[in-house]
Amino acid sequence: MTGPTPRHVLILGGTSEARQLAGQLTGEPGLRVTSSLAGRVAAPRLPAGEVRVGGFGGWEGMAAWLREHRVDALIDATHPFAGRIGFHAARAAAETHVPLLALRRPGWAAGPGDDWHPVPSLEAAAELLPGLGERIFLTTGRTGLAAFAGLSAPWFLVRSVDAPEPPHPPRMEVLLDRGPFTVEGEAGLLRRYGIDVLVTKDSGARATAAKLTAAREAGLPVVVVTRPPVPGDVPSVPGPGEAAAWLRGVLA
C-alpha cells in the first residue's frame, strides 16, 4: 500500500530567503518542496528539495504548471526587483485557487549620517550621477547597465555575480563577486578604487548591506533605486520562519 500523496509547495526563489525556506521545509513529512529559479545566474546556489529552472511563459504558463503538478500552495520569494513575476504569481494563483504568500524582505532605511538620494529607476539614477561624482561604484547587477551607457565622463566599478553584456558604460571595470560582504572589505574597496558615489537598489539583503555602512562612514552619497510596485492584495511576511508557519497553517 502507498501512503497519502504529499502536499506540494512551489517556491518562486533565487534569494537567500527562498533557500532558507526550502531548507526548513524539505524533509518535513507529507510535504513536497519545489523551488523555481529564473536561470539568470550561470551557477546559482541551489536550494534543498526539487528544483526547476526557467520561466513559465507568463501567468498562463504558471497557472498550467500549478495545475499539472498539483501545487497546493505557492510562495513568491523572488528578489524585490524581479519585475513582473509577482503579478504573474498573483494572477496564476487566483486562476487556480492556490493559496499565495509573498515573502518580501524588509527594505533598507536611511539612518543618521546617511546621504541617500532615492530615485525611481536606473535611468533616473543615471541622470543624477553627473552632479554627484566621477568614480561610481555600481552595485545594481549585470542587467540594466544600458541605462548608464550614455555616460562617457564618469568611471564605473561594476560588481556582479556574472559578467555583464553590452551596452554598458565606456569607462568601466568589472568586479565579479558574490556576497555576503563585510564593512571592512567594502570600506577597503571604496578606498582602493577612489569611489565617490555608490549606486544600489533597495534590495534589503543583509548580506549586501555592508556597502551602505561603508559609504556612510566615508561620507559618500548613495543613489538608491526604490522598489517597483507589487500586487497589493497578496499577504506578505518578512522572513522564512513566518512563511513556514503560514504554509503549515494553510496545509493543516
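- One distance of note links CD of Glu186 with CD of Glu217; it measures 11.5 Å at 0.5 Å rounding.
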message: The test is side chain to side chain contact (heavy atoms under 4.5 Å, CB included); show your working for Leu145 and Leu138 and say whether it passes.
response: CA-CA 9 Å; Leu145 293 187; Leu138 190 59; 3.4 Å; yes

message: Evaluate Leu251 against Leu31 for side chain to side chain contact (heavy atoms under 4.5 Å, CB included), listing each step before the verdict.
response: CA-CA 9 Å; Leu251 300 183; Leu31 187 62; 3.7 Å; yes

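- Taking Arg104 as the reference, nothing meets the salt bridge (Lys or Arg N to Asp or Glu O under 4.0 Å) condition, with sequence neighbours excluded.
- Taking every heavy atom of both residues into account, Leu198 and Lys211 meet most closely at CD2-O, 3.9 Å.
- For the atom pair Leu10 CG and Ile75 CD1, the distance stands at 9.0 Å (nearest 0.5 Å).
- A 4.5 Å side-chain heavy-atom check between Met172 and Trp155 finds every atom pair outside the cut-off.
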task: Given side chain to side chain contact (heavy atoms under 4.5 Å, CB included), test Val224 with Thr200 step by step and report yes or no.
output: CA-CA 5 Å; Val224 181; Thr200 187; 4.3 Å; yes

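- The hydrophobic clustering, which links ILVMFWY residues whose side-chain heavy atoms are closer than 4.5 Å, places Leu190 and Leu129 apart.
- Within the 4.5 Å cutoff, the side chain of Leu46 has heavy atoms near those of the Leu37 side chain.
- Scanning for side chain to side chain donor-acceptor pair (under 3.5 Å) contacts around Trp246 gives an empty result, with sequence neighbours left out.
- A single hydrophobic cluster is seen to contain both Leu189 and Val222, as judged by linkage of ILVMFWY side chains at heavy-atom distances under 4.5 Å, directly or through other members.
- Under the 4.5 Å side-chain criterion, counting only non-hydrogen atoms from C-beta, Leu21 is in contact with Ile11.
- Here the shortest heavy-atom pairing between Leu151 and Pro130 reads CD2-CG, 4.2 Å.
- Within a 6.0 Å sphere centred on CD of Glu165, heavy atoms belonging to other residues, nucleotides or ligands number 12 at most.
- Residues Phe56 and Ser36 have side chains in contact (heavy-atom distance under 4.5 Å, counting atoms from C-beta outward).
- By the 4.5 Å heavy-atom criterion applied to side chains, Glu95 and Leu66 are not counted as neighbours.
- Closest of all the heavy-atom pairs between Phe87 and Pro229 is CE1-O, 3.4 Å.
- Without hydrogens or angle criteria, Thr78 side chain to Leu12 main chain gives no donor-acceptor distance under 3.5 Å.
- A heavy-atom distance below 4.5 Å is found between the side chains of His117 and Leu132.
- With hydrogens and angles disregarded, a donor-acceptor distance shorter than 3.5 Å links the side chain of Arg135 to the backbone of Tyr193.
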- request: For Arg105 and His79, run side chain to side chain contact (heavy atoms under 4.5 Å, CB included): C-alpha distance rounded to whole Å, both residues' side-chain angles, the deciding distance at 0.1 Å, then the answer.
  value: CA-CA 9 Å; Arg105 66 174 74 134; His79 192 275; 4.2 Å; yes

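- With hydrogens and angles ignored, the 3.5 Å screen pairs a side-chain donor or acceptor of His8 with a backbone N or O of His69.
- By the 6.0 Å contact criterion, CZ on Arg52 is enclosed, its count of non-hydrogen atoms from other residues, nucleotides or ligands being greater than 12.
- Put simply, the side chain of Val33 reaches to within 4.5 Å of the side chain of Thr26, judged on heavy atoms.
- Heavy-atom minimum distance, Leu122 versus Thr143: CD1-O, 4.5 Å.
- Closest approach of Ser160 and Gly141 over heavy atoms only: CB-C, 4.2 Å.
- Taking OG1 of Thr96 as the reference point, atom CH2 of Trp59 lies at 9.5 Å (rounded to 0.5 Å).
- Around atom CD of Glu134, no more than 12 heavy atoms belonging to other residues, nucleotides or ligands sit under 6.0 Å away.
- Although no hydrogens or angles enter the test, the distance criterion places a donor-acceptor pair under 3.5 Å between the side chain of Asp202 and the main chain of Trp108.
- A distance-only check finds no donor-acceptor pair linking the side chain of Thr34 to the backbone of Val9 [under 3.5 Å].
- By the side-chain contact (heavy atoms from CB on, under 4.5 Å) test, Arg191 is found to be paired with Ala187, residues two or more places apart in sequence or in another chain being considered.
- Electrostatic pairing of Asp114 and Arg216 counts as a salt bridge here, judged by a charged N lying under 4.0 Å from a carboxylate O.
- Checking side-chain atoms of Arg19 against main-chain N and O of Ala48 turns up no donor-acceptor pair under 3.5 Å.
- Of the possible donor and acceptor atoms, one in the side chain of Thr226 sits under 3.5 Å from a partner among the backbone N and O of Val119.
- One finds a salt bridge joining Asp72 and Arg7 here, because a Lys/Arg side-chain nitrogen approaches an Asp/Glu carboxylate oxygen to under 4.0 Å.
- A distance of 7.0 Å separates CG of Asp196 from CG of Leu220, quoted to the nearest 0.5 Å.
- At least one donor-acceptor pair under 3.5 Å links the side chain of Arg171 to the backbone N or O of Ala153.
- The heavy-atom pair separating Ala243 from Leu103 by the smallest distance is CB-CD1, 3.9 Å.
- The shortest distance between side-chain heavy atoms of Leu247 and Leu101 does not fall below 4.5 Å.
- In the hydrophobic clustering of ILVMFWY residues, with side-chain heavy atoms under 4.5 Å counting as a link, Phe137 and Val158 come out apart.
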